[in-house]
**Student:** 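I have a structure I would like to understand better, so I am pasting it below and will then ask my questions one at a time.
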Amino acid sequence: MPADAPTTLFHLSDIHFGLEDNKALDWVKQEIAERRPAAVAITGDLTMRARAREYAAACHWIQSLLVPVTVEIGTHDMPYFNLIERFFAPYRRFNAIQGLLEREIDLPGIAIVPLKTAVRAQPRLNWSKGWVSRSALSKCLAAIDALPAGTKALVAVHHPLREVGTKGTALTANGYKALCELAKRPVLGVLSGHVHDPFDILEETAHGPVRMIGAGTLSQRLRSTPPSFNELTWDGATLKVRARNLDEVPTRAMQIDDVPENALPPREPGEPVAAVGQVPRTDPPVH
Ligand SMILES: [Fe+2]
Ligand SMILES: [Fe+2]
């Protein structure tokens, strides 16, 4: 059943505690307190290097929001230096917010359903890229299929489900396969992070288009747009996306036109941000 009143959701990403933007975070927290979104989805890269002090700051901030939150795991959120811990207990450091990890949030007429794309290890050299495992996809699809009739899904991931590059270099391995399955279901969009710039694009598949919505970063690791988050409004018929930012740059000028192939930091904190709206399609990437 469609929601009776519009539902507001906040989509945050890539806060990277350790290199967070505190001015932006204070503002977002105030916006959450005033607007009281029905839920907040944080699509990964909560921390910079998964250090204990970064987790402590992240957990403290999330717990202060006092609204339902779901947190996706990003590649930066698993132990970086300790490979044994990364493999055997990748989420141990998340303890304080264990219950919020990759959890489904059910609201009237709409649900946020997680799909894991950050894995502890994968059979290629660059582990910062995404990987949709068969079990992760099955779990996500089963959750969507179990939603009450008429309920729409927003799927929360860290990596955009884009399989650019060759098999070995794909941004998100099995991303296309996942998109095809999502296209067959009542999915309003896929919420992602990782890229550090917002976007809102339609991805074509053999089974129809899927809307891919990316949130920018709330860290100092800027790519081409100021710190931002997405405000989503669902009125039962249309999902509207606003890329909110302190600089009051209009949403369309905040959004990049395409998903970059890779995601490496292009600049050091403090370097000027490129002119908004002049982002080439092959822009150097971030994560
Ligand atoms: Fe990332
Ligand atoms: Fe990131």
Side-chain angles (χ1 to χ4, degrees), residues 11-22 24-25 28 41-51 54-55 57-58 61-62 70-80 86 90-91 93-94 101-102 114-122 124-132 136 155-165 169-175 178 190-199 212-230 243 245 254 256 259-269 271 273 279 283-287:
H11 171 199
L12 283 43
S13 205
D14 295 77
I15 303 175
H16 285 289
F17 277 94
L19 210 53
E20 75 277 22
D21 183 323
N22 283 305
L25 284 185
V28 174
I42 303 178
T43 50
D45 278 358
L46 252 191
T47 69
M48 194 57 216
R49 284 284 176 252
R51 297 179 182 101
E54 296 169 355
Y55 276 106
W61 190 78
I62 289 171
T70 178
V71 179
E72 285 305 296
I73 306 290
T75 35
H76 281 247
D77 300 327
M78 285 179 273
Y80 187 75
R86 180 182 176 109
Y91 298 166
R93 302 183 191 196
F94 265 102
L101 291 185
E102 296 170 334
L115 170 59
K116 183 197 293 295
T117 61
V119 291
R120 63 191 83 182
Q122 48 184 296
R124 57 178 174 173
L125 286 177
N126 190 344
W127 290 3
S128 74
K129 293 189 172 186
W131 190 286
V132 179
V155 175
V157 298
H158 177 57
H159 302 82
L161 297 181
R162 170 65 72 75
E163 210 160 341
V164 287
T169 62
L171 176 58
T172 305
N174 302 322
V190 178
L191 309 182
S192 61
H194 189 64
V195 168
H196 288 213
D197 277 332
F199 56 84
M212 298 208 307
I213 299 164
T217 182
L218 290 166
S219 75
Q220 300 173 48
R221 288 165 60 87
L222 301 177
R223 189 180 72 170
S224 58
T225 52
S228 67
F229 70 93
N230 283 342
N245 63 97
M254 284 289 293
I256 56 173
V259 179
E261 183 174 337
N262 207 332
L264 298 170
R267 65 174 64 80
E268 293 302 313
E271 281 187 56
V273 178
V279 188
D283 193 53
V286 184
H287 72 112

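Heavy-atom basis, side chains included; hydrogens, waters and symmetry copies ignored. Counting convention: from 1, in listed order, for ligands and their atoms alike.
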**Student:** Where the Fe ion (ligand 2) is the corner point, what angle links OD2 of D14 with NE2 of H196, to 10°?
**Tutor:** 90°

**Student:** For the residue pair H196 and H16, what are the closest heavy atoms and their distance?
**Tutor:** NE2-NE2, 3.3 Å

**Student:** Give a rough value, rounded to 10 degrees, for the angle at the Fe ion (ligand 2) between atoms OD2 of D45 and NE2 of H16.
**Tutor:** 100°

**Student:** Decide, counting backbone as well as side-chain atoms, whether H158 has an N, O or S atom less than 2.8 Å from the Fe ion (ligand 1).
**Tutor:** yes

**Student:** Looking at R49 and E54, is there a salt bridge between them, counting it only when a charged N and a carboxylate O are closer than 4.0 Å?
**Tutor:** no

**Student:** Using atom types as modelled and distance alone, determine if a side-chain donor or acceptor of D77 lies under 3.5 Å from a backbone N or O of T47.
**Tutor:** yes

**Student:** Of the backbone and side-chain N, O or S atoms of H194, does one lie nearer to the Fe ion (ligand 1) than 2.8 Å?
**Tutor:** yes

**Student:** Could you check whether any side-chain heavy atom of T172 comes within less than 4.5 Å of a side-chain heavy atom of R162, counting everything from C-beta outward?
**Tutor:** no

